[in-house]
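Written out below as structure tokens is the structure these notes cover.
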Amino acid sequence: MRYDAKDIGAALLAWYDGAARMMPWRVGPADRAAGVRPDPYRVWLSEVMLQQTTVAAVEGYFRRFTARWPDVAALAAAEDAEVMAEWAGLGYYARARNLLKCARAVATDHGGRFPATAAALHSLPGVGPYTAGAVAAIAFDEPAVVVDGNVERVVARLFAVQTPLPAAKPELVALATRLTPAERPGDHAQAMMDLGATICTPRNPACPRCPLAAFCAARAQGIAADLPRKAPKAAKPLRRGIAYVVRRSDGAMLLERRPDRGLLGGMLGWPGSDWSAAPDDAPPLPADWHDPGAEVRHVFTHFELRLALRLAHVGLNAVPDRGTFIPAADFRPASLPTVMRKVWDAAARHGT
DNA sequence: AATCCGTGGAC
DNA sequence: TGTCCAAGGAT
């Protein structure tokens, strides 16, 4: 390579010192200068929330979680349903289940303190190579290699890697390892990610403003916007289903806790049919069902869903085959995953 | 190794 | 409207 990794690292940190974005989980420049270290609990919580999720989407959730559960002991003592309800809407609900498992493991197996190395962090539920490295570097000053989607893109461009993702991942990790410094590894990791988020963006990268432009092979070849290359993705099949919205005469709503594994695992939802090409009609109790003619559309990671609605009103003595009546005072649409909240919105528009 | 797992914003 | 994709992890 024509340039030393130290030159790239120095240019990156110099840029970061003037351009770092402030976020609720970051320690500000003044505190940092005073030697304040980030709280591992807050770093871990933010990193889990940020998995495949934008900063803008995370900020509100992070504030609510830290206000309600200010440390790992408080979170470890929380009720499962309360945490799942607070996570509702953020997506990838296995993160919330693993968040609780991890907090309880830290409380019971680690004396209430997060382990301080990437290797030990990696053994915790929901903590993979990225999150382990990020927490180790940011909270514990370990020179861990931190490779997320931003870093993959920055490195692929810096070194003009032509191999498509995900096959290119090992090569990109090796290149990122060469850039990882012994000094300020946490700032280095955050600088790489800030650069990817604000300058070295997927589309229309702002190369003229990039502190690493002079080092960038893709920039020199005029192909920065074309990297990283990616394998083509599969088309999303269409699935259909039926959602049953039951209101009892006292206002209670019939909801069902979904199994802990799989789609929307552990979350509340409306009783429903299977989701398939041709779903069966499977009402949760006998009733005079009303079809409002509405359709709820929702796109998941790997399929598109169209839900038909069936609405019913039942008496106080109704006994459902499945699900539980939630009293009106306890029913919070915001505690539902988004597709289920859409069903509620549609049902409400049609008189339920 | 390939698949499964949410959501909302940008363009 | 369609497409991409964001600080990934588990199995």
Side-chain angles (χ1 to χ4, degrees), chain A residues 20-21 23-26 38 42-62 84 87-99 101-102 121-139 144-154 165-167 169-170 172-173 176 186 188-198 200-204 225 228-237 239 258-267 269 275 297-305 334 336-342:
Chain A
R21 297 174 295 169
M23 299 169 188
W25 47 86
R26 281 188 176 172
R42 296 168 65 87
V43 174
W44 161 76
L45 178 61
S46 69
E47 292 299 343
V48 172
M49 288 183 165
L50 286 163
Q51 290 167 8
Q52 295 288 284
T53 309
T54 59
V55 169
V58 163
E59 282 176 331
Y61 284 87
F62 181 84
M84 300 310 289
W87 195 277
L90 196 56
Y92 284 138
Y93 297 97
R95 293 185 296 173
R97 287 180 269 118
N98 285 328
L99 192 80
K101 286 184 190 170
C102 182
L121 289 160
H122 193 9
S123 69
L124 293 167
V127 178
Y130 163 76
T131 304
V135 174
I138 297 169
V145 182
V146 180
V147 182
D148 74 328
N150 289 304
V151 177
E152 289 178 357
R153 184 171 57 256
V154 169
L165 284 168
K169 185 68 184 283
L172 296 175
V173 170
H188 172 82
Q190 294 176 94
M192 289 285 282
M193 296 189 282
D194 268 21
L195 186 71
T198 63
C200 195
T201 50
R203 288 171 296 198
N204 303 317
R229 305 202 186 280
K230 297 198 172 183
K233 57 180 59 175
K236 293 183 180 183
R239 298 186 194 173
R258 298 173 62 87
D260 264 345
R261 293 181 173 273
L263 189 73
L264 308 179
M267 299 299 291
W275 295 348
R297 297 189 179 201
H298 193 73
V299 179
F300 290 99
T301 309
H302 54 294
F303 67 94
E304 177 182 349
L305 179 65
L336 301 176
T338 297
V339 64
M340 301 297 175
R341 187 183 49 70
K342 285 183 180 178

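Note: hydrogens, waters and symmetry copies are ignored here, and every other heavy atom, side chains too, is used. None of these values were measured; they are calculated from a predicted model. Labels below follow one simple rule: chain letters A, B, ... track the order of the sequence lines, proteins then strands, and each chain is numbered from 1.
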Could you tell me the separation between the CG atom of A:Asp260 and the C1' atom of C:dT11, rounded to a whole number of Å? 16 Å
Give a yes or no on whether the backbone of A:Thr198 and the side-chain of A:Thr201 come within a donor-acceptor separation of less than 3.5 Å. no
Which comes earlier along DNA chain C counting from the 5' end, the contact point of A:Leu124 or that of A:Ile138, where each point is its nearest nucleotide? A:Ile138
Looking at side-chain heavy atoms only, is the closest gap between A:Trp44 and A:Leu124 below 4.5 Å? no
Just call it for A:Ser46: base, sugar-phosphate, or nothing, with non-hydrogen atoms closer than 4.0 Å on any strand. nothing
Distance-only criterion, 3.5 Å: show the donor-acceptor pairs between side-chain atoms of residues 89-99 of chain A and protein atoms not counting sequence neighbours.
| residue | atom | partner | partner atom | Å |
| --- | --- | --- | --- | --- |
| A:Tyr93 | OH | A:Gly89 | N | 3.0 |
| A:Arg95 | NE | A:Tyr92 | O | 3.3 |
| A:Arg95 | NH1 | A:Val48 | O | 3.1 |
| A:Arg95 | NH1 | A:Met49 | O | 2.8 |
| A:Arg95 | NH1 | A:Gln51 | O | 3.0 |
| A:Arg95 | NH1 | A:Thr53 | OG1 | 3.1 |
| A:Arg95 | NH2 | A:Thr53 | OG1 | 3.4 |
| A:Arg95 | NH2 | A:Leu90 | O | 3.2 |
| A:Arg95 | NH2 | A:Gly91 | O | 3.0 |
| A:Arg97 | NE | A:Asp260 | O | 3.1 |
| A:Arg97 | NE | A:Gly265 | O | 3.1 |
| A:Arg97 | NH1 | A:Asp260 | O | 2.7 |
| A:Arg97 | NH2 | A:Asp260 | O | 3.3 |
| A:Asn98 | ND2 | A:Ala94 | O | 3.3 |

What is the distance, to the nearest angstrom, from the CE atom on A:Met23 to the C1' atom on C:dA6? 12 Å
A:Arg261 CZ - C:dA10 P separation (whole Å): 12 Å
Taking N or O atoms only and anything under 3.5 Å, show me the protein contacts with nucleotides 1-4 of chain C, one pair per line.
none

Between C:dC5 atom P and A:Leu165 atom CG, what is the distance in whole Å? 10 Å
Gap in Å between the two P atoms, one belonging to B:dG6 and one to C:dT3, rounded: 22 Å
For the side chain of A:Thr131, starting at C-beta, report the closest nucleotide among C:dG8, C:dA10, C:dC5. C:dG8
May I ask you to say what A:Val146 touches in the nucleic acid, namely base, sugar-phosphate or nothing, with a heavy-atom cut-off under 4.0 Å? nothing
Under the salt bridge (charged side-chain N to carboxylate O under 4.0 Å, His left out) test, residues paired with A:Glu304 that sit two or more places apart: A:Arg306
Whole-Å gap separating C1' (C:dT11) and CG (A:Asn98): 12 Å
What's the shortest heavy-atom distance between A:Pro125 and A:Cys102, and which atoms? O-CB, 3.5 Å
Looking at every strand, decide which applies to A:Met340 at a 4.0 Å heavy-atom threshold: base, sugar-phosphate, or nothing. nothing
Which residues pass the ring pair (Phe, Tyr, Trp, His ring centres under 6.0 Å) test with A:Phe300, sequence neighbours left out? A:Trp275, A:His298, A:Phe303
Please name all residues satisfying side chain to side chain contact (heavy atoms under 4.5 Å, CB included) with A:Pro228, sequence neighbours left out, ordered by chain then number. A:Arg153, A:Ala156, A:Leu165, A:Lys230
What pairs with A:Thr54 under side chain to side chain contact (heavy atoms under 4.5 Å, CB included), at least two apart in sequence or on another chain? A:Ala56, A:Ala57
Measure the distance from CE on A:Met192 to P on C:dA6 and round it to the nearest whole Å. 15 Å
Judged by nearest nucleotide, the residue sitting upstream toward the 5' end of DNA chain C, A:Pro202 or A:Gly128, is A:Pro202
A:Asp148 CG to C:dC5 P, in whole Å, measures 14 Å
List for me each residue that meets side chain to side chain contact (heavy atoms under 4.5 Å, CB included) alongside A:Ala176, sequence neighbours excluded, and say none if there are none. A:Val145, A:Val147, A:Val151, A:Val155
With a 4.0 Å cut-off on heavy atoms, is A:Pro166 in touch with a base, just the backbone sugar-phosphate, or nothing at all? nothing
Report the residues that fulfil salt bridge (charged side-chain N to carboxylate O under 4.0 Å, His left out) with A:Arg297, sequence neighbours left out, ordered by chain and then residue number. A:Glu295
Pairs: protein N or O with nucleotides 3-6 of chain B N or O, under 3.5 Å:
| residue | atom | partner | partner atom | Å |
| --- | --- | --- | --- | --- |
| B:dC5 | OP1 | A:Leu263 | N | 3.3 |
| B:dC5 | OP2 | A:His302 | NE2 | 2.3 |
| B:dG6 | OP1 | A:Tyr92 | N | 3.4 |
| B:dG6 | OP1 | A:Tyr93 | N | 2.8 |
| B:dG6 | OP2 | A:Leu264 | N | 2.5 |
| B:dG6 | O4' | A:Tyr92 | N | 3.1 |
| B:dG6 | N7 | A:Tyr92 | OH | 3.4 |
| B:dG6 | N7 | A:Thr301 | OG1 | 2.8 |
| B:dG6 | O6 | A:Tyr92 | OH | 3.1 |
| B:dG6 | N1 | A:Gln52 | O | 3.0 |
| B:dG6 | N2 | A:Gln52 | O | 3.2 |
| B:dG6 | N2 | A:Thr53 | OG1 | 3.0 |

When rounded to whole Å, the NZ to P distance for the pair A:Lys230 and B:dA2 reads 17 Å
